[in-house]
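Here the structure is laid out as structure tokens; the discussion comes afterwards.
In what follows, chains are A, B, ... by sequence order, proteins preceding strands, each numbered from 1. Bear in mind the structure is a predicted one, so any value in this text is a computation, not a measurement.
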There are 2 protein chains.
Amino acid sequence: MLSNRGQKNLAGSNPLVAAHFNAEADPWHAQRNPEGYINMGTAENGLLYDLLKEKFNHTAPVSEKLTHYTDMRGDHNLRKAFAEFYSRGLNNRIEPSQVVFSTGSSAILDQLAHLLFEPGDGILIPAPYYAGFDHDFRARAGVTPVPAYLSGADGYRLSVEVLAESIYRASEDGIQVKGILITNPNNPLGDVYPPDLVREIIEFAKSRQLPVIWDEIYRHSIFDDSPFTPILNLADGYDEHVHVVYGFAKDFGLSGFKAGVLITRNSDLLKAMPQLTYFACLSSSTQHLLIEMLSDHDWLHKLQKENRIRIARAYQTFTSLLDELNIPYHPASAGFFLWLDLRSWLNSSNRAGEMKLYRKLFDTGKINLSPGAGFHSLESGWFRACYARDDAYLKEAASRIEEVLNTR
Amino acid sequence: MLSNRGQKNLAGSNPLVAAHFNAEADPWHAQRNPEGYINMGTAENGLLYDLLKEKFNHTAPVSEKLTHYTDMRGDHNLRKAFAEFYSRGLNNRIEPSQVVFSTGSSAILDQLAHLLFEPGDGILIPAPYYAGFDHDFRARAGVTPVPAYLSGADGYRLSVEVLAESIYRASEDGIQVKGILITNPNNPLGDVYPPDLVREIIEFAKSRQLPVIWDEIYRHSIFDDSPFTPILNLADGYDEHVHVVYGFAKDFGLSGFKAGVLITRNSDLLKAMPQLTYFACLSSSTQHLLIEMLSDHDWLHKLQKENRIRIARAYQTFTSLLDELNIPYHPASAGFFLWLDLRSWLNSSNRAGEMKLYRKLFDTGKINLSPGAGFHSLESGWFRACYARDDAYLKEAASRIEEVLNTR
């Protein structure tokens with residue numbers, strides 16, 4: 001019935017996606033549904049709706065122009081507003097012509113995979129990494145993610161040595177690495193990479209002539225004083241090969257809007273992208289809302305400021321609860337997830353043990369944490385917990401985690 | 001720089017797409033811009049905004065739930081409302097689980113091409129056909145459109161004999177036809193196919209075990225008393241192989257919303273589609289507007305009724321103007337385009353002559369009509385003119401066409 005390539009898509013969704021939707025179908029509520037699921041499995045920002053609503057309530061309805069076809073890369077007004085927004089902190093302004101909108105950062109990655117790589121090529125990604133990248137690169141474009149394994153033993157320190165070694169090992173396995181993907185700030189670790197490391201990675205990529213896909217989707221969700229280094233400030237002389245991915249899912253709490261962005265100075269890529277983006281255009285009614293948001297500088301400033309304050313507070317609340325329970329974690333500076341070290345609570349120190357604990361948390365505790373296996377974690381027993389929720393939610397989460405961990 | 005497959009996307013857009021955007025950048029207005037372009041090059045419905053605005057003005061803002069991830073196929077409430085809407089007139093109701101939303105009908109076709117066919121497979125399409133199909137099938141999925149040429153000499157009569165012969169001829173050229181695509185009501189002809197023909201095509205596809213992609217995007221834009229036959233009423237016993245494509249661009253005048261729909265009863269396809277739709281999800285803020293529209297039955301009824309009345313009126317106005325000028329055309333029952341026979345005005349009866357007239361119309365007359373070459377018309381000298389505009393626009397159009405045709 002389906003083509004050969006079609007049949008590869010029959011396996012169904014990632015089990016973690018299914019877990020997300022199962023949990024969301026029966027969500028916890030202190031009064032209305034105290035037995036419902038606590039869902040810490042998806043990196044969604046649940047702290048911003050009051051501010052978004054303020055904006056939604058005062059947005060003019062869709063104009064006639066926007067009911068008709070607009071530029072496939074996004075309306076010029078949107079790309080202009082975005083270029084201005086994203087140029088802040090850059091030493092070299094972005095032009096609207098260097099911006100391409102599509103339906104989410106996954107759509108952008110899928111299109112980049114098609115345009116930059118051949119089927120079977122490898123893309124190097126420091127691991128643990130966001131579980132969705134496997135689907136983004138493999139499902140349609142047929143590009144193979146190659147994990148560069150970092151270790152909990154040294155705090156998951158990323159270095160160009162690890163990258164070099166992983167490329168060598170992949171080639172021994174018959175996979176040619178043809179590009180590098182880095183997420184900064186990082187998911188799931190919450191690390192923000194210092195300028196020196198960013199510079200070293202660029203130099204490393206340059207020396208091997210590898211294109212760099214640089215995912216900055218958590219750029220405005222740094223909640224401590226870690227200084228953020230936009231990659232485009234350090235890519236001088238190599239910026240044709242550096243492709244920045246951004247989106248409104250995280251910093252703006254708008255995952256449902258499926259608004260992703262590519263920023264690149266590569267003229268070939270800018271020419272080719274619209275041919276694929278055509279199949280994944282952002283609806284103009286959504287573009288309209290984004291233009292309104294990006295053009296209201298006071299509101300935007302408030303959103304960003306409040307976002308940092310609220311994540312910091314949720315981080316503080318959740319880590320205090322974990323500290324009380326003596327549950328270790330990798331300390332974070334950005335994002336809204338914690339990388340929990342539950343190794344001491346495994347029955348067996350392997351994937352089976354990790355999966356068993358995951359199921360126990362989900363089925364018995366009705367709490368959805370994501371097991372490290374999904375992130376290609378080298379060691380078993382780490383879990384990602386997304387905490388961008390209110391205090392009551394986090395307290396309920398901690399109490400359920402405690403209960404499950406205490407009943408061996 | 002780009003991959004081999006990436007480089008295939010460097011050629012840039014279809015010149016007709018460029019013409020559309022050039023014309024739209026400097027649009028005619030009786031008072032404000034009398035020297036601007038008259039754009040009849042794109043099948044957009046410009047007659048419905050007052051009704052849409054009424055709805056936009058009374059729609060609640062996006063709810064918190066919709067700011068977060070929803071089902072990749074479209075929110076259940078949207079698929080439910082759509083299934084109800086599309087089931088009217090069917091003898092076998094559609095279920096929400098048989099509906100998949102994505103970013104436009106082109107996105108749906110691109111995904112179907114990937115899932116149903118291998119690269120290089122042929123898809124048979126009666127010609128003249130909508131210019132965009134070439135991009136939809138070729139650009140990313142690598143499937144080859146095979147025109148089944150109809151002739152103006154017999155009024156572009158579609159038959160299974162023409163289909164059979166075209167499949168045979170393609171196989172002699174080394175292309176294996178693995179599926180059929182039919183648009184009913186048809187674009188660019190505006191024909192509505194009678195039940196007997198629909199039945200014969202299904203029988204023909206069944207006898208050769210070819211899947212059928214059936215494009216009903218102009219379903220609610222039939223403006224005379226031609227009875228419409230939904231394909232799903234006649235696909236009994238073969239409905240697993242019939243995949244209906246719909247969208248909100250035409251009947252709802254919402255091309256900018258990029259809302260396309262697949263309706264299928266094929267369980268494998270329903271399982272595989274979300275894996276690709278993931279990269280082309282419709283924004284939930286747009287889904288929200290569509291749910292409101294589909295759930296307000298009074299408004300919906302009014303929109304559909306007014307749409308038919310207004311297209312009929314525009315058709316009447318435009319054909320009267322053409323009749324006065326003695327310009328022949330293929331009579332239409334649906335859509336909002338006319339297939340004009342300008343063969344008498346060509347300097348040479350070939351593609352070069354057609355292109356010369358096209359350029360003269362565009363550059364001298366500042367009127368954008370689409371030359372038949374873009375639609376794989378067998379004979380040179382036919383042009384498509386989209387007329388869903390007000391009377392003043394149509395009068396200006398006719399006067400410009402007259403002027404260009406009269407100055408040899």
Proximal component of B:Glu44, with respect to chain A [non-hydrogen, under 4.5 Å]: side chain
Any donor-acceptor pair under 3.5 Å from B:Arg73 side chain to B:Val100 backbone: no
For chain A, the option from B:Lys53, B:Glu64, B:His114, B:Glu240 that forms the most heavy-atom pairs under 4.5 Å: B:His114
Ring-face cation contact, A:Tyr278 with B:Lys258, 6.0 Å cut, 45° max: yes
Side chain / backbone / both / neither for B:Pro211 at chain A, heavy atoms under 4.5 Å: neither
Most contacts with chain B, counted as non-hydrogen pairs under 4.5 angstrom, among A:Ala280, A:Ala107, A:Ser255: A:Ser255
Atom group of A:Asn45 that falls short of 4.5 Å from chain B, counting heavy atoms: backbone
Best-contacting candidate, B:Leu254, B:Asp110, B:Leu289, B:Asn57, against chain A by heavy atom pairs under 4.5 angstrom: B:Asp110
B:Gln176-B:Asp121 side chain donor-acceptor pair, cut-off 3.5 Å: no
Lys/Arg-Asp/Glu bridge criterion (N-O < 4.0 Å) met for B:Arg310, B:Asp50: yes
Contacting moiety of B:Asp75, where chain A heavy atoms sit under 4.5 Å: neither
Heavy-atom pair count under 4.5 Å with chain B, highest-scoring of A:Ala60, A:Ser102, A:Ala259, A:Gly253: A:Gly253
Residue B:Gln111 versus chain A: region with a heavy atom under 4.5 Å: both
Top contributor to chain A contacts, counting heavy-atom pairs under 4.5 Å, from B:Leu269, B:Leu276, B:Val62, B:Leu282: B:Val62
B:Phe101: which of B:Thr277, B:Leu290, B:Thr286 passes side chain to side chain contact (heavy atoms under 4.5 Å, CB included): B:Leu290
Chain B contact via A:Leu116 - side chain, backbone, both or neither, heavy atoms under 4.5 Å: both
Winner by heavy-atom pair count (cut-off under 4.5 Å) against chain A, out of B:Thr59, B:Thr103, B:Leu115, B:Asp136: B:Leu115
Region of B:Tyr69 that comes under 4.5 Å of a non-hydrogen atom in chain A: both
Trace of the side-chain contact (heavy atoms from CB on, under 4.5 Å) decision for A:Leu51 with A:Phe56: CA-CA 9 Å; A:Leu51 299 166; A:Phe56 296 155; over 6 Å; no
Test of ring centre spacing under 6.0 Å for B:Tyr49 and A:His68: no
Best-contacting candidate, A:His241, A:Glu118, A:Lys271, against chain B by heavy atom pairs under 4.5 angstrom: A:Glu118
A:Thr42 portion near chain B, given a 4.5 angstrom heavy-atom threshold: side chain
B:Lys55 atom NZ: more than 12 heavy-atom contacts under 6.0 Å: yes
Whether B:Phe137 and B:Phe133 hold their rings parallel, tilted or perpendicular, with breakpoints at 30° and 60°: perpendicular
side-chain contact (heavy atoms from CB on, under 4.5 Å) evaluation trace for B:Leu270 with B:Leu262: CA-CA 9 Å; B:Leu270 286 166; B:Leu262 169 70; 5.7 Å; no
A:His58 atom NE2: more than 12 heavy-atom contacts under 6.0 Å: no
Greatest number of heavy atom pairs closer than 4.5 Å to chain B - which of A:Met273, A:Met1, A:Arg140: A:Arg140
Proximal component of B:Ala113, with respect to chain A [non-hydrogen, under 4.5 Å]: backbone
